Amino acid sequence: MTWGDQALFIQRTPCCAEVPAWWVQLHAFSVQGLFGKNSEQLTNSSSGLELEGSVRGRRVESPTALSTLDSITLMYPFFYRPMFEVIEDGWHSFLPEQEFELYSSTISEWRLSYVNKEFSVCPSYPPAVIVPKAIDDDALRKVATFRHGGRFPVLSYYHKKNGMVIMRSGQPLTGTNGRRCKEDEKLINATLRAGKRGYIIDTRPLNIAQQARAKGGGFEQEAHYPQWRRIHKSIDRYHILQESLIKLVESCNDQTQNMDRWLSKLEASNWLTHIKEILTTACLAAQCLDREGASILIHGTEGTDSTLQVTSLAQIILEPRSRTIRGFEALIEREWLQAGHPFQQRCAQSAYCNSKQKWESPVFLLFLDCVWQILRQFPCSFEFNENFLIMLFEHAYASQFGTFLGNNESERCKLKLQQKTMSLWSWVNRPSELSKFTNPLFEANNLVIWPSVAPQSLQLWEGIFLRWNRSSKYLDEAYEEMVNIIEYNKELQAKVNLLRRQLAELETEDGVQESP
Amino acid sequence: MEHIRTTKVEQVKLLDRFSTSNKSLTGTLYLTATHLLFIDAHQKETWILHHHIASVEKLALTTSGCPLVIQCKNFRTVHFIVPRERDCHDIYNSLLQLSKQAKYEDLYAFSYNPKQNDAERLRGWELIDLAEEYKRMGVPNSNWQLSDANREYKICETYPRELYVPRIASKPIIVGSSKFRSKGRFPVLSYYHQSKEAAICRCSQPLSGFSARCLEDEHLLQAISKANPANRYMYVMDTRPRLNAMANRAAGKGYENEDNYSNIRFQFVGIENIHVMRSSLQKLLEVNGTKGLSVNDFYSGLESSGWLRHIKAVMDAAIFLAKAIAAESASVLVHCSDGWDRTSQVCSLGSLLLDPYYRTIRGFMVLIEKDWISFGHKFSERCGHLDGDPKEVSPVFTQFLECVWHLTEQFPQAFEFNEAFLLQIHEHIHSCQFGNFIGNCQKEREELKLKEKTYSLWPFLLDDQKKYLNPLYSSQSQKSAVLEPNTVSFNFKFWRNMYHQFDRTLHPRQSVFNIIMNMNEQNKQLEKDIKDLESITAVSGDRPGGQAESTLTTLGQSDATRPTSC
């Protein structure tokens, strides 16, 4: 793509047109592009939409293109001018300092460290991270050399109920000769209370973790971490998940297949197996924390994919705040964006790849799907509805906002996204948008919510996978009717209360009149 | 009861079927003449009707006691551990006896007494009146009339006494045709579509063999097509797979030869027979019952059981039928082998797609009375009410209910009733608590004097109507009268609330449906409160006095509380 093309794109962008109408078009394209029916449809779409497609294409041209930040600055968010009034700048909505502030009254053993201020200790971490107070920055630098990608253990979640924590990191670089790092041991032991044990959840099966030693990686040896019990789970990664998505979408798009073929393809896609694995591991983590009263450390290899799925889902299960709109946004900001999930690499093309993209993987979509599964099982415990999750899915793959650009904070900083693009949260958190994403059934539930992970309880996320394959007219109408009933209920309640008050007033007046 | 040796066993454990940590509840097991009852330490009661028991199994002795596994026809599975083997053996033997009765008279319905007097009971039986229903459809009319040919069950024992046939079909034609049809089940009217003037007719397979013909039968079919002024072509749907129908020819049965019948279009739709359906369900239940089931095993089990494929086949057939009537105004004659299983499924579902009345609570009862009970679906044999031939048992009616459930999923506002209604009906086809589903045909039911000796289920369901109402039902959506469901495979889902209805841990912990249902109820109460309050405010505004105050307190009590979410 040349600058000429880009100029054409800018020209055609209806920057003075009404945003909503245009917005719908973008979405129609982007999601058709993701999970749509077929490519013929795309070629039939209007030129403006094709251009958007080509811009998206640029995002993934080649791994080299990916790494050059210049190409990203040609992407749409850099040219998008919002047509709405910004009430609150989303770039400042979830600063690490504010998040830490929320905890600070309860957690005296932890501190905010700026050891990574220049992104020099860990390129995929944000400048500010929460670490045990007892460990100084020098020690952190040493630990960073012992962990994959410099990802030393940091606080992910603090369970107020019992003071236990979830930490996450990259794999320890033990290698074949069983290298150890005293500071690392000291760091994670600093999170244990006297006499207490902790759990290390490795998201890889034991044999994979063992193989990793040959490449310099590995796992924590019992001998060096005697107070920790290691549990291996098996959450798949990268191309395995990507292939799963491709198979699933292919199958959902085939309207002609008979029942046996559909069921066997659904099975062969393994999508729901991945969902079950991830949810099971998240439940395990939550259980260790809440039921066993133990702190945990979670990592896989890099600690940027399955690790984040588990830490964030465990919080959905444990922490009522993460089930609110604001809290969920904070969770995504903290556990995905700042934690360095490489969105740019993972969410380039979704289910339709011409060539096998090495880094493409629906890690974030699987997370959203897991949230949806829990939402279905606890439909009143979430402040947001399914549309909110679908919206996040769409923006993670194609967006006019800068939020999901780049692979980590360091890249976002260099791209000057805060100055040059609009944050998704600036748009979402306006009352007019929020109303679309609010769950009318929400009633704050302060309990831990344990989902069922039995195959009979898990379902295909129709709102995502069947969205373009069948009409949802009747389901939408039914949803509207449900909202009407709830609205009407509120109206009636208010009216009854008003009448009661009026009556009570009348009676006190009567009383006043009668008493003398 | 002579079969009961032990009536009470203490310290019995009830295991959670799916818990991998072998969670259990300890309590006391009681055996009564009609039920098995388990009361756990929290005083929670689990009642199991003996008639619901499909199988009892005594497993090998373990250190904690003797395991007893009971599988029920309503898909409840309970796993007890009885401390002493002797007790376990006694209960096992008693249940074996009690769950399989030899005589109709020993069924629960004959002893069940809901404390109604005779007049009430009779009114209950008269609640659903099929003559009324045919009138509602618009028959008799100039083309269709009531035939008295089977008034004494002389032509066909398994048909009802009152049958509607084309006006031009004379008695000799009817008699002749019935001799050419398996079990004498000649073509009769099942549903008449008033505005299209088209009819759904049903019968059994013709005794055609390889070449036999019957002029009367050909005349009767012609009469049916002539009774439809809108379209002289009629469809003949053989709901069996082609191969099965061809195989039947060797036994002197078979299907209509298009050359012999004028103006018919013959069509196979390929629904499998009762034996295939029985083993399909069995496989499904085996898969579901597995502890620690993996996603892949679940889906491959679901696939290999074929269950959803069969459900889709029934649905596709019903859609074919509804389309023929709605789009082409063509009459349709439906049959299978004997015309009481697949034919009932297809005729009733087809009518349900066409006519919004059948999607109401009362209409659905009428539909079941008409196409299932009166036309001789063999409920007692298919549900295994008595200790009979296990090869006659088949979940044909369960499949019908499941198809309806799939429709309620696709059209959430089209049905007046909810899922609980379907589950309750399913419960009672096996419970033998009411007389409706006892026996295999009307003649048999009359001989059993069910209307005198037992109660009808329908008035009890109507009394409880509130529980079965769909809060999202909109009679306006009935204007789009004909339902056109999408039968692409991905629309068919496993019906968890049926096959796991008693496995609480598998279900969502909060039910949107219940909340909306309660809210709807609450709204009605609030509307009433507002009316009352408004009238009081008006009164007390005019006339001060202590009376208003007392009314206020009572209203405060009636204030419906906000529905809880769990």
Side-chain angles (χ1 to χ4, degrees), chain A residues 251-252 255-264 266-267 270 272-273 275-276 376-381 441 443 445 449-452 454-460 462 465-466 469-471 474-475 477-478 481-482 485-486 488-489 492-493 495-496 499-500 502-504 506-507 509-510 513-514, chain B residues 18 288 293-300 302-303 306 308-309 312 410-414 471-472 474 477 486 488-494 496 499-500 503 505-512 515-516 519-520 522-523 526-527 529-530 533-534 536-537 540-541 544-545 548-549 552 555-556 559 565:
Chain A
S251 180
C252 288
Q255 308 253 355
T256 58
Q257 62 198 339
N258 65 28
M259 187 64 72
D260 289 0
R261 210 171 145 72
W262 157 246
L263 289 173
S264 83
L266 184 60
E267 181 207 336
N270 273 329
L272 288 166
T273 303
I275 297 283
K276 186 173 151 82
R376 268 195 62 260
Q377 296 189 25
F378 296 89
C380 308
S381 299
L441 293 164
E443 262 184 273
N445 172 3
I449 53 176
W450 300 107
S452 160
Q456 295 98 320
S457 307
L458 302 177
Q459 277 195 359
L460 179 69
E462 299 176 6
F465 296 106
L466 301 182
N469 295 324
R470 61 163 198 202
S471 149
Y474 297 109
L475 302 180
E477 282 172 6
E481 176 62 19
M482 183 190 87
I485 291 174
I486 296 168
Y488 185 51
N489 183 267
L492 290 175
Q493 299 251 17
K495 198 162 179 194
V496 166
L499 282 168
R500 286 240 171 79
Q502 284 176 351
L503 193 59
L506 274 172
E507 275 171 19
E509 275 168 32
D510 291 346
Q513 280 165 12
E514 275 169 33
Chain B
F18 291 104
N288 289 343
L293 184 65
S294 77
V295 173
N296 283 356
D297 287 346
F298 174 64
Y299 281 100
S300 67
L302 199 56
E303 182 202 336
L308 289 177
R309 173 161 46 90
K312 177 169 151 59
Q410 277 197 39
F411 304 95
Q413 296 191 274
L472 302 177
S474 141
S477 74
N486 180 336
V488 176
S489 302
F490 54 58
N491 288 293
F492 293 87
K493 284 173 289 189
F494 172 69
R496 188 183 55 223
Y499 303 104
H500 286 298
D503 303 312
T505 56
L506 297 185
H507 299 290
R509 307 309 147 88
Q510 298 164 330
S511 155
V512 173
I515 292 165
I516 298 301
M519 213 172 255
N520 231 358
Q522 192 194 14
N523 285 356
L526 285 170
E527 278 169 357
D529 284 2
I530 287 173
L533 279 166
E534 273 170 349
I536 298 165
T537 342
S540 55
E549 202 169 345
L552 179 67
L555 276 173
D559 178 20
S565 44

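We name chains A, B, ... by the order of the sequence lines, and we start the count at 1 in each one. For clarity, every value in this text was computed on a predicted model and none was experimentally measured.
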Given a strict heavy-atom distance threshold of 4.5 Å, which part of [X] is in contact with chain A: side chain, backbone, both, or neither?
{"X": "Asn486(B)", "answer": "side chain"}
{"X": "Phe494(B)", "answer": "side chain"}
{"X": "Asp297(B)", "answer": "neither"}
{"X": "Arg309(B)", "answer": "both"}

[X] versus [Y], closest heavy-atom pair with distance:
{"X": "Gln377(A)", "Y": "Ser457(A)", "value": "NE2-O, 3.8 Å"}
{"X": "Leu263(A)", "Y": "Glu303(B)", "value": "CD1-CA, 3.7 Å"}
{"X": "Tyr299(B)", "Y": "Leu458(A)", "value": "OH-O, 4.2 Å"}
{"X": "Arg509(B)", "Y": "Thr505(B)", "value": "NH2-O, 2.8 Å"}
{"X": "Phe490(B)", "Y": "Arg470(A)", "value": "CE1-CD, 4.2 Å"}
{"X": "Gln410(B)", "Y": "Tyr474(A)", "value": "O-CB, 3.5 Å"}

Side-chain contact test, heavy atoms from C-beta onward, threshold under 4.5 Å: evaluate it for Asn469(A) versus Val488(B) and give yes or no.
no

Please examine the side chains of Leu472(B) and Asn520(B), heavy atoms only from C-beta on, and report whether any two atoms are closer than 4.5 Å.
no

Side chain from CB out, backbone as N, CA, C, O: work out which of these in [X] comes under 4.5 Å of a heavy atom of chain B, or both, or neither.
{"X": "Leu492(A)", "answer": "both"}
{"X": "Ile486(A)", "answer": "both"}
{"X": "Asn258(A)", "answer": "backbone"}
{"X": "Leu466(A)", "answer": "side chain"}

Between [options], the one whose heavy-atom pairs under 4.5 Å with chain B are most numerous:
{"options": "Ser471(A), Ala454(A), Ser251(A), Ser381(A)", "result": "Ser381(A)"}
{"options": "Ser452(A), Pro379(A), Pro451(A)", "result": "Pro379(A)"}
{"options": "Glu481(A), Lys276(A), Gln456(A)", "result": "Gln456(A)"}
{"options": "Glu462(A), Met259(A), Gln502(A)", "result": "Met259(A)"}

